[in-house]
Amino acid sequence: MSAASWTKSPEPVFVTSELTKVYGPGHNSFTVDEEGRDVLVYHGRDYKEIEGDPLYDPNRHTRVQRLYYRPDGTPDFGIPVGNGEVPDRFSPAGRQGVYLRHEGGKLLADNGGALPDTQFRQKPGLAGDGTVSLEPVTAPGQFLRLTETGELVVAKNDGTPAFAQQSSFRRVAGLADPKGVSFAAAGAADNYLRVAGNSVRVATVSSDVDRTGATFLVS
């Protein structure tokens, strides 16, 4: 409670996002989830302009999302992520500080980029039957899609059965660490989402190195 322990940021740390259509985030508070991860609780609107008295606005819905930290220990609030499943970050096993992220429509694995580009929702799979599809927070309505070359791109759902199949995965316990997760391609059970260097592909798994590259810790 000592004022000397605090430094005021010259800029707001958490603001409206036109991308996710969350306006006026505020009244932040903090708690932890079932796994002890820090969680940000706040309110925000789904529309831009307030009508009437802002103190009696009935649509400042309560929202939650995970809170992350920069390397120097300061909190990184990112952006209000919008409605839907709480987003996750996926870090390849054994590579602390490296995360899946998207840039220029492609999926990468490194320690660069902004926090929101490393956040993905695990949504009910477009192919159904217990699958999941991964939707980037900063690309609402788009999903990770497997190309013919085995690469992953971010693409808008065109509603076709082919897109649904290419954008769906079966989530299983981590191949190298049961505390993590692995994602098998819906149409090819022996092929997994796998990191090699900074590239991410869907490929077969045949060695311990492959199994490690196909295992992701979730935060």
Please list, chain by chain and in numerical order, all residues satisfying salt bridge (Lys or Arg N to Asp or Glu O under 4.0 Å) with R171, sequence neighbours excluded. none

E18: partners by salt bridge (Lys or Arg N to Asp or Glu O under 4.0 Å), with sequence neighbours left out: K21, K48

Side-chain contact, heavy-atom cut-off 4.5 Å: [X] with [Y]?
{"X": "Y99", "Y": "S219", "result": "yes"}
{"X": "H43", "Y": "P80", "result": "no"}
{"X": "L67", "Y": "F77", "result": "yes"}
{"X": "N28", "Y": "F14", "result": "yes"}

Between T160 (side chain) and F163 (backbone), is there a donor-acceptor pair under 3.5 Å? yes

Test item: S168 side-chain N/O and A127 main-chain N/O as donor-acceptor pair under 3.5 Å: yes

Quick one: name the residues clustered hydrophobically with [X], using the 4.5 Å side-chain heavy-atom rule over I, L, V, M, F, W, Y, and just say none if it's on its own.
{"X": "Y68", "result": "L115"}
{"X": "W6", "result": "none"}
{"X": "F120", "result": "F90, L100, L107, V132, L134, L144, L146, L152, V154, F169, V181, F183, L193, V195, V200, V202, F216, V218"}

Going by the rule side-chain hydrogen bond (donor to acceptor under 3.5 Å, both in side chains), which residues pair with [X] if we only count those two or more places apart in sequence or in a different chain?
{"X": "Q65", "result": "Y42"}
{"X": "R201", "result": "none"}
{"X": "R89", "result": "T118"}
{"X": "R63", "result": "D46, N83"}

[X] and [Y]: which non-hydrogen atoms are nearest, and at how many Å?
{"X": "S133", "Y": "L126", "answer": "OG-N, 3.0 Å"}
{"X": "L108", "Y": "E103", "answer": "CD1-CB, 4.1 Å"}
{"X": "G24", "Y": "T16", "answer": "N-OG1, 2.9 Å"}
{"X": "R121", "Y": "V81", "answer": "NH2-O, 3.0 Å"}
{"X": "H102", "Y": "A139", "answer": "CE1-CB, 4.4 Å"}
{"X": "G187", "Y": "Q165", "answer": "CA-NE2, 3.2 Å"}

Pairs satisfying side chain to side chain donor-acceptor pair (under 3.5 Å), at least one member in residues 172-198, at least two apart: R194-D210

Which residue in the set D117, T138, D110 passes side-chain hydrogen bond (donor to acceptor under 3.5 Å, both in side chains) when paired with R101? D110

Report the C-alpha separation of T149 and T147 in whole Å, then their side-chain angles, then the decisive distance to 0.1 Å, and conclude whether the side-chain hydrogen bond (donor to acceptor under 3.5 Å, both in side chains) test is met. CA-CA 5 Å; T149 63; T147 67; 3.0 Å; yes

Electrostatic pair R66:D33 at N-O distance under 4.0 angstrom: yes

Are [X] and [Y] linked, directly or through other ILVMFWY residues, by side chains that come within less than 4.5 angstrom of each other?
{"X": "Y69", "Y": "L40", "answer": "yes"}
{"X": "V172", "Y": "V205", "answer": "yes"}
{"X": "V39", "Y": "V86", "answer": "yes"}

When rounded to the nearest 0.5 angstrom, what distance separates CG in N157 from OG in S167? 7.0 Å

Regarding T74 and D72, is there a side-chain donor-to-acceptor distance under 3.5 Å anywhere? yes

Write out all pairs satisfying salt bridge (charged side-chain N to carboxylate O under 4.0 Å, His left out) with one or both partners inside residues 143-158, taking only residues at least two apart or from two chains. none

Inter- and intrachain pairs under salt bridge (charged side-chain N to carboxylate O under 4.0 Å, His left out), touching residues 159-169, at least two apart: none

Taking the cut-offs as 6.0 angstrom to the six-membered ring centre and 45 degrees off its axis, would you call R45 and Y47 a cation-pi pair? yes

Given Q122 and D88, is the side-chain hydrogen bond (donor to acceptor under 3.5 Å, both in side chains) satisfied, shown in steps? CA-CA 8 Å; Q122 297 186 61; D88 297 305; 2.8 Å; yes

Using a 6.0 Å cut-off, check whether atom NE2 of H61 has over 12 heavy atoms from anything other than its own residue. yes

